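Note: hydrogens, waters and symmetry copies are ignored here, and every other heavy atom, side chains too, is used. These numbers were taken from a predicted model, which means no experiment stands behind them.
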Amino acid sequence: MFKLISRIMKLSGGYRRMLNRAYVLSFFENLLADVPVFLIFYVLAEIIQDAFTARTIFVSTIVLVCGVVLRMILRFLVDVNQSGVGYEIFARERMSLGDRIKRFPMGFFTEGNIGNVTAVITNDITFVEEFGMDTLGKITSSLLSLLVAALFLLYFDWRLTAALLCVFALFMLIFMRLNKIAAEESENQQEAQKNLSGTVIEYIKGMPVVKAFNLAGKNHRATSEDFRRMTETQLRYEQRFCAPMILSECTAGFGVAVFILISGLLGLGRGLQLPFVVGMTVFAFQLVAPLLILSGITAQIRVADAALDRYDALRESTLIDDGGKDIVLPRYDIEFSSVRFGYERKDVLKDISFTVPERSMTALVGKSGCGKSTIVNLIARFWDVRSGSIKIGGVDVRELTSESLLKNISVVFQNVYLFNDTVFNNVSFGKPGAARSEVEEACKKARCHDFITALENGYDTVIGEGGSTLSGGEKQRISIARAILKDAPVVLLDEATASIDPDNEAHIQQAISEMVKGKTLIVIAHKLSSVVNADQILVIEDGAVTERGTHGQLLAAGGLYTALWERGSKSRGWKIAEK
């Protein structure tokens with residue numbers, strides 16, 4: 001309970017003053033909540049003393065109305081300084097988390113963490129934002145109500161205060177039991193929810209396969225199992241929570257009975273006057289209300305705590321550029337020195353060394369799975385090498401922050417991803433804040449201006465998540481336009497034309513030619529006809545560079561490159577002069 005308050009206060013940062021203000025305002029609001037009880041004491045005293053007049057009614061009405069109005073004002077101010085601030089705090093935290101996620105190593109996203117990230121952003125933060133701040137308000141209000149009640153009772157008779165403390169102590173024992181159950185089951189719920197989120201994402205992404213093999217519904221075993229586990233977790237939680245919850249409500253009822261009993265005995269012994277005995281009978285129900293509120297929000301407290309645990313764990317994940325510096329690169333040549341790398345235990349790259357001169361074109365060729373894409377990913381530092389080094393302009397990429405490295409690199413992937421946004425915003429992603437004229441000029445160079453203007457709303461057309469409303473060639477050209485707009489000195493092309501039809505390939509080759517002028521270029525290509533003019537070609541075989549040279553030199557050597565060229569010549573009918 002107090003842990004949750006402490007954690008939210010720690011997160012609040014610059015908003016801490018407003019939360020402190022909310023606590024003070026909440027204290028006075030709780031005082032005003034007891035105004036009707038005080039008025040009951042006042043009216044009963046007037047009746048018993050035979051002093052009840054129209055003035056009594058008038059005063060009571062004025063005080064009641066003023067109390068209600070003031071409480072409404074204070075409640076509004078509490079919400080502004082507490083619940084309203086909650087949305088500001090977690091809007092800031094979402095943006096901060098987004099900045100951190102893009103600095104995570106790619107290995108983070110291949111370890112079953114996608115469901116976890118999704119659950120944290122869509123469920124955990126939202127829960128704390130919406131229910132955590134409300135829970136925080138209920139905790140502070142309930143505790144302040146109990147404090148005010150204890151001081152009020154102490155004014156009349158210490159025995160009533162002692163009774164309240166005894167009831168509160170008994171309640172806390174039950175509350176601790178509820179808290180323990182909630183802590184255990186909340187963790188189970190979070191784990192089940194994380195697994196379910198990951199499975200649902202996988203199910204949706206694999207929908208073509210699901211449809212083709214009739215794996216929908218119960219036939220998709222993984223999804224069905226995760227839904228079943230989630231259901232079992234929820235039912236087990238309710239079963240374990242039921243008995244302590246009923247016991248806490250019984251304790252509240254027991255507390256009411258104790259207060260009425262003690263008040264009656266004090267009245268008979270003339271320790272309390274009759275108006276106060278009657279008033280205390282009414283007040284007894286008000287006394288236990290905070291206890292019922294606390295027991296009712298136990299689950300929310302623990303879920304909020306568990307949500308913050310998972311959020312903190314995500315925030316504390318290692319950043320790939322921890323210790324990196326913002327360095328301006330003096331030049332843009334690339335050097336691999338004895339690089340070894342593997343995604344798991346097995347090495348994918350084995351002691352690779354080569355140099356890419358500045359403003360030159362280097363092609364990487366070889367069979368699928370030989371390590372070509374891995375080389376490109378390591379240059380952009382999506383992963384870190386196991387040993388050796390990669391330098392750009394003589395600077396080890398591990399010395400740079402992700403931002404200072406990637407601002408110098410444009411990557412065009414084989415599988416293009418476009419966002420569910422307008423064409424303009426998708427292209428300007430390469431240069432935030434770019435003018436419309438700059439975006440249009442980049443699109444003209446990428447040979448996509450004509451088909452964009454033919455769309456229903458031109459550059460303002462929303463193209464759907466993943467670019468679902470465009471063809472593969474159109475998506476690829478928009479991706480190239482984005483890279484042209486970025487105008488980075490290093491360009492990495494990962495089989496940009498591998499899955500493109502011949503008509504689109506011509507357009508894309510023209511677009512690429514515009515993009516790579518004066519750049520340091522590394523290109524991966526299965527179609528060897530597209531790299532015959534490269535300054536150097538590296539043949540990658542089983543994670544090692546086995547051949548290097550120009551197109552003509554490699555053909556003369558008669559190695560793997562020659563075999564790949566001859567195979568392509570037969571299948572595609574290439575008729576390009578040897579160099």
Side-chain angles (χ1 to χ4, degrees), residues 327-341 349-366 370-383 385 388-400 404-413 480 483-484 486-497 509 511-525 527-541 543-557 559-561 564-565 576 578-579:
I327 300 173
V328 178
L329 297 176
R331 57 185 191 277
Y332 302 103
D333 56 299
I334 301 169
E335 180 186 0
F336 272 57
S337 298
S338 303
V339 170
R340 299 184 74 90
F341 174 79
L349 300 182
K350 305 168 184 176
D351 198 32
I352 279 189
S353 298
F354 64 86
T355 299
V356 178
E358 185 177 25
R359 298 187 179 184
S360 70
M361 175 181 176
T362 294
L364 306 178
V365 302
C370 67
K372 303 186 300 296
S373 294
T374 298
I375 290 174
V376 169
N377 289 334
L378 290 175
I379 294 171
R381 208 187 173 196
F382 295 156
W383 308 82
V385 299
S389 66
I390 300 171
K391 296 179 180 179
I392 300 180
V395 179
D396 194 313
V397 295
R398 289 169 294 191
E399 297 178 16
L400 297 157
S404 63
L405 170 65
L406 292 174
K407 72 181 181 182
N408 297 298
I409 298 173
S410 289
V411 186
V412 179
F413 298 101
I480 292 171
I484 289 173
K486 185 176 182 180
D487 195 27
V490 177
V491 178
L492 309 177
L493 298 179
D494 189 355
E495 303 187 58
T497 62
Q509 289 291 3
I512 290 174
S513 297
E514 288 285 349
M515 177 176 58
V516 302
K517 289 178 180 177
K519 312 294 185 185
T520 301
L521 171 65
I522 294 183
V523 56
I524 297 173
K527 298 176 182 178
L528 301 187
S529 59
S530 63
V531 297
V532 294
N533 294 317
D535 297 292
Q536 70 171 334
I537 299 171
L538 304 179
V539 179
I540 313 298
E541 191 173 3
V545 178
T546 57
E547 301 175 45
R548 70 184 74 199
T550 63
H551 173 69
Q553 290 169 342
L554 292 176
L555 284 181
L560 176 62
Y561 184 83
L564 293 173
W565 176 264
I576 298 177
E578 298 180 9
K579 293 190 177 182

Where [X] and [Y] come nearest, the two heavy atoms and their spacing:
{"X": "V385", "Y": "G388", "answer": "CG2-O, 3.6 Å"}
{"X": "T520", "Y": "P357", "answer": "CG2-O, 3.8 Å"}
{"X": "G393", "Y": "P330", "answer": "O-CG, 3.3 Å"}
{"X": "P489", "Y": "N408", "answer": "CD-O, 3.3 Å"}

Pairwise distance [atom1]([X]) to [atom2]([Y]) - rounded to 0.5 angstrom:
{"X": "T355", "Y": "E335", "atom1": "OG1", "atom2": "CD", "value": "4.5 Å"}
{"X": "L329", "Y": "E358", "atom1": "CG", "atom2": "CD", "value": "10.0 Å"}
{"X": "I390", "Y": "L378", "atom1": "CD1", "atom2": "CG", "value": "4.5 Å"}
{"X": "R359", "Y": "K519", "atom1": "CZ", "atom2": "NZ", "value": "8.5 Å"}
{"X": "N377", "Y": "F413", "atom1": "CG", "atom2": "CZ", "value": "6.5 Å"}
{"X": "L364", "Y": "I524", "atom1": "CG", "atom2": "CD1", "value": "5.5 Å"}

For the pair [X] (side chain) and [Y] (backbone), establish whether a donor and an acceptor sit closer than 3.5 Å, ignoring hydrogens and angles.
{"X": "K372", "Y": "I540", "answer": "no"}
{"X": "S410", "Y": "V491", "answer": "no"}
{"X": "D535", "Y": "M361", "answer": "yes"}
{"X": "E541", "Y": "E547", "answer": "no"}

TODO: Please determine which of I537, N533, L528 meets the side-chain contact (heavy atoms from CB on, under 4.5 Å) test together with H551.
DONE: I537
Open item on the list: The test is side chain to side chain contact (heavy atoms under 4.5 Å, CB included); show your working for R381 and L406 and say whether it passes.
Closed with: CA-CA 9 Å; R381 208 187 173 196; L406 292 174; over 6 Å; no
Open item on the list: Between K391 and D333, is the salt bridge (Lys or Arg N to Asp or Glu O under 4.0 Å) condition met? List the steps.
Closed with: CA-CA 8 Å; K391 296 179 180 179; D333 56 299; over 6 Å; no
Open item on the list: Can you tell me if R398 has over 12 outside heavy atoms packed within less than 6.0 Å of its CZ?
Closed with: yes
Open item on the list: For a side chain to side chain contact (heavy atoms under 4.5 Å, CB included) check, start with the C-alpha distance between L538 and I352, then their side-chain angles and the critical distance, and finish with the verdict.
Closed with: CA-CA 11 Å; L538 304 179; I352 279 189; over 6 Å; no
Open item on the list: Could you walk me through whether D396 and S389 satisfy the side-chain hydrogen bond (donor to acceptor under 3.5 Å, both in side chains) test, starting with their C-alpha distance in whole Å, then the side-chain angles of each, then the deciding distance to 0.1 Å, before giving a yes or no?
Closed with: CA-CA 7 Å; D396 194 313; S389 66; 4.5 Å; no
TODO: List the steps and the verdict of side chain to side chain contact (heavy atoms under 4.5 Å, CB included) for F336 and I379.
DONE: CA-CA 9 Å; F336 272 57; I379 294 171; 3.5 Å; yes
Open item on the list: Less than 4.5 Å apart, side chain to side chain, heavy atoms only: is that true for V532 and W565?
Closed with: yes
- [ ] Check whether any side-chain heavy atom of I522 lies under 4.5 Å from a side-chain heavy atom of I375, and answer yes or no.
- [x] no
Task: side chain to side chain contact (heavy atoms under 4.5 Å, CB included) assessment of I409 paired with I392 - done: CA-CA 10 Å; I409 298 173; I392 300 180; 4.2 Å; yes
